[in-house]
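Everything on this sheet refers to the single structure shown next.
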Number of protein chains: 2
Amino acid sequence: MPATQALTNGFAKHAVAVDVVLFTIQGGRLKVLLVRRQQAPYKGAWSLPGGIVGAEESVDAAALRELQEETTISNVYLEQLYTFGDTDRDPRGRVLTVAYYALVNQQQLELKARQRVSEADWFPVRRLPELAFDHRRIIDYALERLRNKINYTTIAFQLLPTNFTLTQLQEAYEVILGTRVDKRNFRRKMQQLGILRPTRQFRVSGRQRPARLYTFTAPKVIKLQEKGIIVPF
Amino acid sequence: MPATQALTNGFAKHAVAVDVVLFTIQGGRLKVLLVRRQQAPYKGAWSLPGGIVGAEESVDAAALRELQEETTISNVYLEQLYTFGDTDRDPRGRVLTVAYYALVNQQQLELKARQRVSEADWFPVRRLPELAFDHRRIIDYALERLRNKINYTTIAFQLLPTNFTLTQLQEAYEVILGTRVDKRNFRRKMQQLGILRPTRQFRVSGRQRPARLYTFTAPKVIKLQEKGIIVPF
DNA sequence: TCAAAAGTGTTTCCCCTACACCCATGG
DNA sequence: CCATGGGTGTAGGGGAAACACTTTTGA
């Protein structure tokens, strides 16, 4: 018997799923992508995009695959959240799920709408419909993680286009934290962090003064170990 | 066909394990519990306590069970860490593992030694032996989580006996963070947090002035949302 | 000229930090 | 009386918070 078989015989095996909480900011609200279930249980209910992990597929790869089945987005920020392993999560029987969350910006979103097959839509996190399984709990958990992490990392930039105004950036923080932020303090702190580069472009919207566009200099999401915490203002 | 069967037929199923990083403080060092593997692969190598999740067992319950197979500890602080889902972690084939970490104090430890069957021992996190699988990585991850979380929660108390001196508490922080801490600042900050209650007891050790014993007032691990961050001093 | 958002500095206060000596006890 | 850890206060600096007016543009 090959060594490969030693463990896989005689031990319990489990159905393992992935579920992805995909966040974006749209119309000044934080939203999540939900898909309508085509089969029982919870047929017709809204649920998180997700599915079963393949036999020879890594869990991370499965999460990415599910995301790409629902969208045409690439280069998404995707992070593992938590594994929900209670025995009674799924009425059909024992299904573990490894939850992820992901962040995209509206530019990336435009691509998506054309390609969708099954019904999917964006819902404000403060106005969620009834959800299948324990997906409401998973979203709550994702939101908590996002709120914490925005304070000491640069994930907020994942929700913005490549070029953005400082007001857009501030709105991202406000929408996620659910609080107002002082404009002058916010701008000073952001500029002190040294992760913004001003461009020579401006964004005109209506009849106000045009706003300067900035880009994010760091190539990836980074941890801010300086005291550059954003939270209370 | 009952609904229970709908999903469990025709889909990939996976072996799912739990692994637990059990920390304690002993002799002024942060240590983890390791057990010697009895079978191939990695036979004879040190590894984290852990095992396969049963068919009808929740993942949390499995982690707790593994802990109790190795120790007689109850009321342990146990927290899920991360799910390692690469396809090549285990040479026998595909095995997912859900990693946990746990914290115990020396009082609880004394109970343990009598009951152990298989070989197990405590190793300083800075002097780990060669480890089976990707367990080294799991320990590193657990340590990182612990170092972060000690700054904004009260988990450090899980490593101390019910009554402890302020010096013991400070040593716990120093051992975990790997840095020295200013005694006066530490004591002031801890007392300001309002989570310590002085007892009327003192601990005598040798020929010095006896140290007052304190207890932790909060019933559970709590988040410190005040600015009571502990880190830099 | 008006509406609407962009952009900009200063002061106050509190918290973090650095730092050194006396106390109580057992041997 | 001496060695050992227990226990205590203060002064200075820096970052966070509060706060309001001018600028630029299109209509």
Side-chain angles (χ1 to χ4, degrees), chain A residues 25 27-28 150-152 156 160-161 163-175 177-215 224-233, chain B residues 25 27-28 150-152 160-161 163-175 177 179-215 224-233:
Chain A
I25 291 177
I150 201 179
N151 284 309
Y152 62 91
L160 296 176
N163 294 319
F164 52 86
T165 67
L166 294 180
T167 299
Q168 282 179 295
L169 181 58
Q170 178 174 341
E171 280 168 358
Y173 276 87
E174 289 178 336
V175 158
L177 296 172
T179 55
R180 279 305 177 80
V181 158
D182 181 272
K183 183 163 55 157
R184 280 170 292 187
N185 291 338
F186 180 82
R187 285 165 184 240
R188 184 181 336 107
K189 207 179 289 190
M190 276 296 162
Q191 310 221 9
Q192 278 174 359
L193 290 176
I195 54 179
L196 293 180
R197 184 174 40 242
T199 69
R200 291 184 188 159
Q201 301 166 52
F202 290 81
R203 176 158 148 278
V204 192
S205 68
R207 64 185 201 278
Q208 314 86 8
R209 172 174 177 175
R212 182 179 292 276
L213 291 167
Y214 290 79
T215 54
L224 306 169
Q225 44 215 85
E226 307 96 72
K227 316 203 165 178
I229 307 296
I230 307 295
V231 85
F233 288 96
Chain B
I25 292 177
I150 201 180
N151 284 309
Y152 62 91
L160 296 176
N163 294 319
F164 51 85
T165 67
L166 293 181
T167 300
Q168 283 179 294
L169 182 58
Q170 179 174 341
E171 281 168 357
Y173 276 87
E174 289 178 337
V175 158
L177 296 173
T179 54
R180 279 305 178 79
V181 158
D182 181 272
K183 183 163 53 156
R184 280 173 290 189
N185 293 339
F186 180 81
R187 286 167 182 239
R188 182 179 340 107
K189 204 177 291 189
M190 276 296 163
Q191 311 224 16
Q192 279 175 357
L193 290 177
I195 54 178
L196 294 180
R197 184 173 41 242
T199 70
R200 291 184 189 161
Q201 303 165 50
F202 290 81
R203 177 157 149 278
V204 192
S205 68
R207 63 188 201 276
Q208 315 87 6
R209 172 175 178 176
R212 181 178 292 276
L213 290 168
Y214 290 79
T215 54
L224 305 169
Q225 46 214 80
E226 306 96 72
K227 317 204 164 175
I229 308 295
I230 307 295
V231 85
F233 288 98

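Hydrogens, waters and symmetry mates play no part in the numbers below; they use all other heavy atoms, side chains included. A note on names: the letters A, B, ... follow the listed sequences, proteins ahead of strands, and every chain is numbered from 1.
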What is the distance from [atom1] of [X] to [atom2] of [N], rounded to the nearest Å?
X: A/R187; N: C/dG9; atom1: CZ; atom2: P; value: 12 Å
X: B/Q168; N: D/dG7; atom1: CD; atom2: C1'; value: 16 Å
X: A/L196; N: C/dG7; atom1: CG; atom2: P; value: 12 Å
X: B/Q191; N: D/dG6; atom1: CD; atom2: C1'; value: 13 Å
X: A/R209; N: D/dT22; atom1: CZ; atom2: P; value: 14 Å
X: A/K189; N: C/dG9; atom1: NZ; atom2: P; value: 18 Å
X: A/F202; N: C/dA6; atom1: CZ; atom2: P; value: 12 Å
X: A/F186; N: C/dA5; atom1: CZ; atom2: P; value: 18 Å

N/O to N/O distances under 3.5 Å, protein versus nucleotides 9-11 of chain D:
{"unit_1": "D/dG9", "atom_1": "O6", "unit_2": "B/R188", "atom_2": "NH2", "d": "3.3"}
{"unit_1": "D/dT10", "atom_1": "O4", "unit_2": "B/R188", "atom_2": "NH2", "d": "2.9"}

Do [X] and [Y] come close enough that some side-chain heavy atom pair is under 4.5 Å?
X: A/D182; Y: A/R187; result: no
X: B/Y214; Y: B/I195; result: no
X: B/L213; Y: B/T165; result: yes
X: B/M190; Y: B/Y173; result: yes

With sequence neighbours excluded, tell me which residues meet side-chain hydrogen bond (donor to acceptor under 3.5 Å, both in side chains) with B/E171.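 Not a single residue meets the side-chain hydrogen bond (donor to acceptor under 3.5 Å, both in side chains) criterion with B/E171.
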Atom pair CZ/CG of A/F186 and A/L166 - distance to nearest 0.5 Å: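 Spacing of CZ (A/F186) from CG (A/L166) equals 7.5 Å.
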CZ of B/F202 to CZ of B/R209: how many Å apart, nearest 0.5 Å?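 B/F202 CZ to B/R209 CZ: 8.5 Å, rounded to 0.5 Å.
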As a check of understanding: the bend across the helix from C/dT1-D/dA27 to C/dG27-D/dC1, end axes from five pairs, rounded to 10 degrees, works out to 0°
Whichever of A/R207 and A/R203 has its nearest DNA chain C nucleotide further upstream toward 5':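 Closest to the 5' end, via its nearest nucleotide, is A/R207.
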Using the closest heavy atom to pick a nucleotide of DNA chain D for each, name whichever of A/V204 or B/Y214 lands nearer the 5' end. B/Y214
Could you tell me whether the side chain of B/R212 and the main chain of B/T199 form a donor-acceptor pair under 3.5 Å?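 The answer is yes, because a donor-acceptor pair under 3.5 Å joins these two groups.
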When you measure from the side chain of B/Q191 to the backbone N and O of B/L196, does any donor-acceptor pair fall under 3.5 Å?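 No; judged by distance alone, with no hydrogens or angles, the pair does not exist.
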Please state whether the base of C/dG7 and the side chain of A/K183 form at least one donor-acceptor pair under 3.5 Å? yes
With a non-hydrogen cut-off below 4.0 angstrom, is A/T167 in contact with a base, only sugar-phosphate, or nothing?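 Sugar-phosphate, no base atom in range.
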